[in-house]
Trainee: 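Dropping the structure in here first, questions after.
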Amino acid sequence: MQVIDRRKALSIPPMWRLAFRPFFLGGSLFAMLAIPLWIAAWTGLWPGFQPTGGWLSWHRHEMLFGFAMAIVAGFLLTAGQTWTGQPGVSGNKLIALAVVWLLARLGWLFGLPVALLIPLDLLFMLGVAGLMGRMLWVVRQKRNYPIIAVLSLMIGADVLVLCGVALGDDGLQRQGVLAGLWLVAALMAIIGGRVIPFFTQRGLGHTEAVKPWLWLDVALLVGTGLIAALYAVSVALQQHVALGVLFLAIAVGHLLRLARWYDAGIWRVPLLWSLHLAMLWLVVAATGLALWNFGVLESSSSALHALSVGSMSGLILAMIARVTLGHTGRPLQLPPGIVGAFVLFNLGAASRVFLITEWPLLGLWLAAICWALAFALYVWRYAPMLVAARVDGHPG
């Protein structure tokens, strides 16, 4: 099926032909710089300068709604073309969306007044949800409507955070950020459940992918959505045994999916083990939060970073490394240094989750350095692909 006008598509500068290009590049550059900047500010190496709401508010919001949502936008608005047969977002619309995203990031960092920042920040989120929703609605693709529901709830979570910043309410900010983080986990459950078995089948040359258990996928989505809702209303900010049981059930469910997807051959294919490890970090996160709710762990911070760093960001790095190759017409062969990026990233995640409990400053800086190097390697190797036309001459 001819999705787009080929001549018109090829007349657009390569950078603006599909959403993965500006958002993978912009999100990765932002990630590469933001974490070292945050650690420098947190340890007092950047005195006197404050972003909107202060450094902690900036870090919480921007790593989720700035970095992660940029990658989500790039992935969904690109995949939507394949899913629906509708033309992907490109050209002037894509430029406008990218400019809004960039202005919101600069506004947060350089202290734009909250009254101006709120509409600018929400405009990006509304734009992503609206553009994606339109693509699905035109063809009435009900299978993907849950993605729009999650994106809409993400806007609600962002509103909570922005209200917290405007009111100087730290609790409200935490509610919004943690609700948003678990909504991203819901997206990971949906998308990961579709692509990881398929990628594993293709990567290992199997004839069939592992068939999903629909009841398990639905249970994980509902359970994860419930956790997000409980964070949004602040219930999950306090320890509850019942919450521990829910987190433990989420951990068991994801571990069961991983066990069904597992094949020893994945360890020969970095594009596969990086995906499986990212989902394993989700098991670690849910288990840690279960133990915190049971009173076994003193703090939930490490478990939450197992989710935000190890799982969410690990899946991001693994996915953008693969998707960029496919959508620029290249074979699925990693450029030099990217296997090292995967290793560095997971070492940094382990440092942030485990090492920090014994050596806080060393753990933080080691995690930040590994993170920055991993995304720097991605930018170094993939930026030339993202700004150039497909190697096979096709649009996109």
Side-chain angles (χ1 to χ4, degrees), residues 63-64 67-69 71-72 75 146-147 150 153-154 157 177-200 210 212-213 216-231 236 243-262 266 271-293 297 300-322 342 345-354 367 371 374:
M63 296 316 296
L64 179 60
F67 159 59
M69 288 310 298
I71 305 299
V72 168
F75 177 80
I147 292 174
V150 173
L153 292 170
M154 283 294 294
V177 167
L178 294 176
L181 182 58
W182 280 97
L183 287 170
V184 172
L187 276 178
M188 291 164 57
I190 296 171
I191 303 300
R194 293 181 188 177
V195 304
I196 294 177
F198 173 70
F199 288 168
T200 302
V210 175
W213 287 349
L216 180 57
D217 291 350
V218 171
L220 286 172
L221 181 59
V222 171
T224 305
L226 178 58
I227 289 171
L230 292 172
Y231 272 117
L243 267 173
V245 173
L246 177 57
F247 278 116
L248 192 59
I250 294 291
V252 171
H254 277 292
L255 188 61
L256 178 57
R257 286 212 306 182
L258 277 170
R260 298 189 68 239
W261 299 341
Y262 181 75
I266 66 172
L271 279 172
L272 294 180
W273 61 250
S274 55
L275 292 168
H276 286 253
L277 275 184
M279 297 306 291
L280 184 60
W281 276 111
L282 180 50
V283 176
V284 172
T287 303
L289 288 168
L291 294 175
W292 176 72
N293 277 282
L297 297 180
S300 62
S301 176
S302 288
L304 289 170
H305 281 88
L307 175 57
S308 61
V309 178
S311 188
M312 180 187 78
S313 303
L315 190 62
I316 282 173
L317 184 60
M319 286 292 289
I320 64 178
R322 181 188 181 97
F342 292 158
F345 181 89
N346 282 281
L347 286 175
S351 177
R352 181 59 186 85
V353 174
F354 300 114
W371 168 289

Trainee: Would you say S313's side chain and S308's backbone share a donor-acceptor pair under 3.5 angstrom?
Mentor: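 Between the backbone of S308 and the side chain of S313 there is a qualifying donor-acceptor contact (under 3.5 Å).
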Trainee: Nearest 0.5 Å, what's the CG-CG distance between L221 and L216?
Mentor: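 Those atoms lie 11.0 Å apart.
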Trainee: For I71 and I320, what are the C-alpha separation, side-chain angles and deciding distance, and is it a side chain to side chain contact (heavy atoms under 4.5 Å, CB included)?
Mentor: CA-CA 8 Å; I71 305 299; I320 64 178; 3.6 Å; yes
Trainee: Check the pair M154, V72 against side chain to side chain contact (heavy atoms under 4.5 Å, CB included), reporting the backbone distance first and the verdict last.
Mentor: CA-CA 12 Å; M154 283 294 294; V72 168; over 6 Å; no
Trainee: Does S311 use its side chain to pair, donor to acceptor, with the backbone of A278 at less than 3.5 Å?
Mentor: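 Such a contact is found between S311 side chain and A278 backbone.
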Trainee: Taking all atoms of both residues into account, what is the closest heavy-atom pair of A185 and L307, and its distance?
Mentor: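 A185 and L307 have their closest heavy atoms at CB-CD1, 4.2 Å.
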Trainee: Could you tell me whether the side chain of H305 and the main chain of S301 form a donor-acceptor pair under 3.5 Å?
Mentor: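 Side chain of H305 to backbone of S301, a donor-acceptor pair under 3.5 Å: yes, one is there.
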Trainee: Do you know the tightest heavy-atom contact between A306 and V284?
Mentor: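 Nearest heavy atoms, A306 then V284: CB-CG1, 4.1 Å.
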Trainee: Among residues at least two apart in sequence or on other chains, which ones pass side chain to side chain contact (heavy atoms under 4.5 Å, CB included) with S274?
Mentor: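 S274: side chain to side chain contact (heavy atoms under 4.5 Å, CB included) contacts with A318, F342.
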Trainee: Can you tell me how far CG of L271 sits from CD1 of I266, rounded to the nearest 0.5 angstrom?
Mentor: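 These two atoms lie 12.0 Å from each other.
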Trainee: What are the two closest heavy atoms between A285 and A303, and how far apart are they?
Mentor: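 The answer is CB-O, 3.3 Å.
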Trainee: Between W213 and L256, is there a side-chain heavy-atom distance shorter than 4.5 Å?
Mentor: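 Touching, per the 4.5 Å side-chain cut-off.
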Trainee: Testing the basics here: between L64 and L181, what is the closest heavy-atom pair and its distance to 0.1 Å?
Mentor: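 Looking at all heavy atoms of both residues, the shortest contact is CD2-N, 3.6 Å.
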Trainee: Please check: side-chain N/O of S351 versus main-chain N/O of L347, any donor-acceptor pairing under 3.5 Å?
Mentor: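 No; judged by distance alone, with no hydrogens or angles, the pair does not exist.
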Trainee: Provide the closest heavy-atom pair for A68 versus I316 in the form atom of the first, atom of the second, distance.
Mentor: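 What the structure gives for the nearest pair is CA-CD1, 4.0 Å.
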Trainee: Give the minimum heavy-atom separation between F345 and A374, together with the two atoms involved.
Mentor: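 Heavy atoms only, the tightest pair is CB-CB, 3.9 Å.
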Trainee: Looking at A189, is its backbone amide N or carbonyl O close enough to the side chain of R257 to form a donor-acceptor pair, meaning the two atoms are under 3.5 Å apart?
Mentor: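 Present.
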Trainee: Would you give the length of the straight line joining atom CH2 of W281 to atom CG of N346, rounded to the nearest 0.5 angstrom?
Mentor: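 One gets 7.0 Å once the value is rounded to the nearest 0.5 Å.
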Trainee: Looking only at the aromatic ring of each residue, does the gap between the centers of F247 and W182 stay below 6.0 angstrom?
Mentor: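 That pair passes the under 6.0 Å test.
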Trainee: Who passes side chain to side chain contact (heavy atoms under 4.5 Å, CB included) against L258, sequence neighbours left out?
Mentor: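 L258 satisfies side chain to side chain contact (heavy atoms under 4.5 Å, CB included) with W261, H276, M279, L280, V283 once adjacent residues are dropped.
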Trainee: To the nearest 0.5 Å, how far apart are CZ in F199 and CG in L275?
Mentor: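 The CG atom of L275 is 7.0 Å from CZ of F199, to the nearest 0.5 Å.
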Trainee: Show your reasoning for whether side chain to side chain contact (heavy atoms under 4.5 Å, CB included) applies to L183 and T224.
Mentor: CA-CA 7 Å; L183 287 170; T224 305; over 6 Å; no
Trainee: Say you draw a straight line from CG of N293 to CG of L246; how long is it, rounded to the nearest 0.5 Å?
Mentor: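 Spacing of CG (N293) from CG (L246) equals 9.0 Å.
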Trainee: CG of L220 to CE of M188: how many Å apart, nearest 0.5 Å?
Mentor: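 So the CG of L220 and the CE of M188 are separated by 11.5 Å.
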Trainee: Going through the checks in order, is the side chain to side chain contact (heavy atoms under 4.5 Å, CB included) test met by L282 and M312?
Mentor: CA-CA 8 Å; L282 180 50; M312 180 187 78; over 6 Å; no
